[in-house]
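Please read the structure below before turning to the comments.
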Amino acid sequence: MYRSHNCGELRKCDVGKTVRLAGWIHSVRDHGGVIFIDLRDHYGLTQVVIDPEKSFYQALDRWRVESVVRFDGEVVARSAETVNPKLATGEIEIRATDMEMLGEAEVLPFQVAKDDCAPEAMRLKYRFLDLRKDKLHNNIILRSKVISEIRRYMTDLGFNEFQTPILTASSPEGARDYLVPSRLHPGKFYALPQAPQQFKQLLMVSGFDRYFQIAPCFRDEDARADRSPGEFYQLDVEMSFVEQDDIFKVIEGLIADVFTKFGKKKFAPPPFPRIPYRESMRRFGSDKPDLRNPLEMIDVSELFRGCDFKAFASTVESGGVVRAIRAPQVAGKPRKFFDDMIKFAQENGAKGMAYIIWTGEGEKSPIVKFLTREIIDGLKQTGGVQEGDALFFLADQEKLVQKIGGAVIPELGRQLGLIDQDEFKFCWIVDFPMFERDEETGEIIFSHNPFSMPQGGLEALNTKEPLDILAWQYDIVCNGIELSSGAIRNHIPELMYRAFEIAGYDRSVVDRKFGGMISAFKLGAPPHGGIAPGVDRMVMLLADEPNIREVIAFPFNQQAEDLMMNAPSEVTLKQLRELHIEVKLPKKAEAPAASRE
RNA sequence: GGGGGAGUAGCUCAAUUGGUUAGAGUGCCACCCUGUCACGGUGGAUGUUGCGGGUUCAAGUCCCGUCUCUCUCGCCA
């Protein structure tokens, strides 16, 4: 028997018991005549007291932290002045009578008992050590609990969980695939799924009605703070005979349940606000606005039309826009604050950024001398300006203004401390456009997902300007993080051919690329739709972690490498031969194509 | 692929305009200490300043190249 109790469960009522504990040496405090050891396991910490005269201690030459040991001893009550209120087991301690070394530790590459800010590459290489730390350990347990709660909630609603293939076909649209060469079929490749999109739709065609899966997804794209490269998990959901509102209801209920049970921040109960995509872009310059931030862009183009400030007047004249962002109570800020904000806007593509400050004694601004009293007062009124506020102005073509505003708004909100850190703010972004114009080629392309149902159906496709057609496509956003995107699917073959035709694909191409799906839809497909919230991002928000790697047990680094397992790695020539693969490296690479057999 | 930041002891960082033997904290090793819980005290060991080249009497510091990490834009049906 390795233990009679764990390190987190002994209390005052256990005093007098003879116990056996096993765990990691968390810390050692050697006082010469008495030695204290904090013994740690998954469940907690217990203090072990050792008399250095004991023979088992004499036989030992090292007490290195993070070694795994077993202690026998008696549970004794701590005297009142030595109770440690910070420990759940702080009212007792173990007087050791014997011990055994179960797994000795060498010198550690970084500390476990305290955070020594070790660099992430080191932490990833020794992930098993890092995972012993309280914070990370708790994050991973939280993730486990969230996932089991999701399963319970979805199952209770009548959803069934399915498994879909991991080795599947390369999909022609979307992100880069991870490819797996086929041994039996020379020259052919499997792909890891970017999402189980087609499978879940086919399950609806098969009549399963309500599907979910905690689904691994694989995309060969570059990393971000909120995007782990390579692989991630999503709660993949699909439902038959539903409209957008039915999906929203399920997901709002699930989110409210999970965020109430596991989140530590307040949030307004569902229904969550819905913002059309175009409105979100116009106001926030983003399709994932952080609604904790009160800043937004206000259109003031008409006020500047024909004014004496030529830069703005000519922008409006040539079809551009002028948008204002109201920065509350910044009149007291030094000049440098305004200069730095302008510099920030310029780094994000702005030609410049004008501003007007309403101080107690009139307006302060580099541009106010070009403006009439009517314009200035009009700006004050349109912008809802109070004394002490300032307006920042961005003037350019609409798309660029949105991009710059999308960068300036979060930065300004952060600098001014306008973002409430103790709150979750959810919203749906709805009415995504079906098509957009490729900026380089000028051609009409699908803007998000070719499988979404266009609003207005075939009639809209046949009669409306392509760029004006909206899709039943939606995202759910929390605190500026896109949690999920989903859509009501296009399940009508004729409608699909027509949508693809608008995007420049003729019938034969569609049949070749999406033949499986189309032929399924030709044999009786129910209207259906779904959504796929990212599990990692949900846990990231619940754990209040700014970095997604902190909620994944064994994440890739930013270069999509596993520093602990050494993946990706070279393979033997024999393996390559079996797969009919010959490796041709780029000139710069130094490593050989394959190690010797 | 582009842009910003970083690279000095196992780890976190310092080192004035280029100027003595590159320091501190932490960890590690040894010793002292019977009530600590980030224990305390004394002493000690530990450096290719990422790598390569250049300028200079002299380079951690300046210049060029290169590599790595990180954040970000592109990318993410």
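Here is the naming used below: chain letters follow the sequence lines, and residue numbers restart at 1 for every chain.
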Item to check | Distance below 4.0 Å between A:K513 side-chain N/O and B:rA77 OP1 or OP2 | outcome: no
Item to check | Rounded distance in Å between the P positions of B:rG60 and B:rU20 | outcome: 10 Å
Checklist entry - Is the shortest side-chain N/O distance from A:Q111 to OP1 or OP2 of B:rU26 below 4.0 Å? => result no
Checklist entry - Can we call the ring centroids of A:F432 and A:Y474 under 6.0 Å apart? => result no
Checklist outcome for this item: Of the listed B:rU34, B:rA38, B:rC37, the closest approach to the A:R78 side chain comes from B:rC37
Checklist entry - Within the pair A:R29 and B:rU34, is there a side-chain N or O less than 4.0 Å away from OP1 or OP2? => result no
Checklist outcome for this item: The contact string for nucleotides 41-47 of chain B, one letter per nucleotide 5' to 3', using protein heavy atoms under 4.0 Å with B, S and - for base, sugar-phosphate only and none, comes out as -------
Next on the checklist: Under 6.0 Å between ring centres: does that hold for A:Y211 and A:F199?
Outcome noted: no
Checklist entry - How is A:D220 classified with respect to the nucleic acid when contacts are heavy atoms under 4.0 Å: base, sugar-phosphate, or nothing? => result nothing
Checklist outcome for this item: Which of B:rA77, B:rG74, B:rC37 is nearest the side chain of A:D222? It is B:rG74
Checklist entry - Has A:Q473 got a side-chain N or O lying under 4.0 Å from the OP1 or OP2 atom of B:rA77? => result no
Checklist outcome for this item: For B:rU26, the nucleotide meeting Watson-Crick or G-U wobble distances (both under 3.5 Å) is B:rG10
Checklist entry - Does a side-chain N or O from A:R549 land closer than 4.0 Å to OP1 or OP2 of B:rC71, or not? => result yes
Next on the checklist: Which nucleotide wins on minimum distance to the side chain of A:N449, given the candidates B:rU34, B:rC69, B:rA77?
Outcome noted: B:rA77
Checklist outcome for this item: Walking RNA chain B from its 5' end, the first of A:E93 and A:Q197 to be reached, judged by nearest nucleotide, is A:E93
Next on the checklist: So, OP1 or OP2 of B:rU68: does either fall under 4.0 Å of a side-chain N or O from A:N557?
Outcome noted: no
Next on the checklist: Is the shortest side-chain heavy-atom distance between A:H491 and A:P527 below 4.5 Å?
Outcome noted: yes
Checklist entry - To the side chain of A:D30, which of B:rC33, B:rG35, B:rA38 is closest? => result B:rC33
Checklist entry - With sugar-phosphate meaning primed atoms plus P, OP1 and OP2, does A:R95 contact a base, only sugar-phosphate, or nothing at under 4.0 Å between heavy atoms? => result base
Item to check | Those residues that, when tested against A:N490, pass side chain to side chain donor-acceptor pair (under 3.5 Å) (two or more places apart) | outcome: none
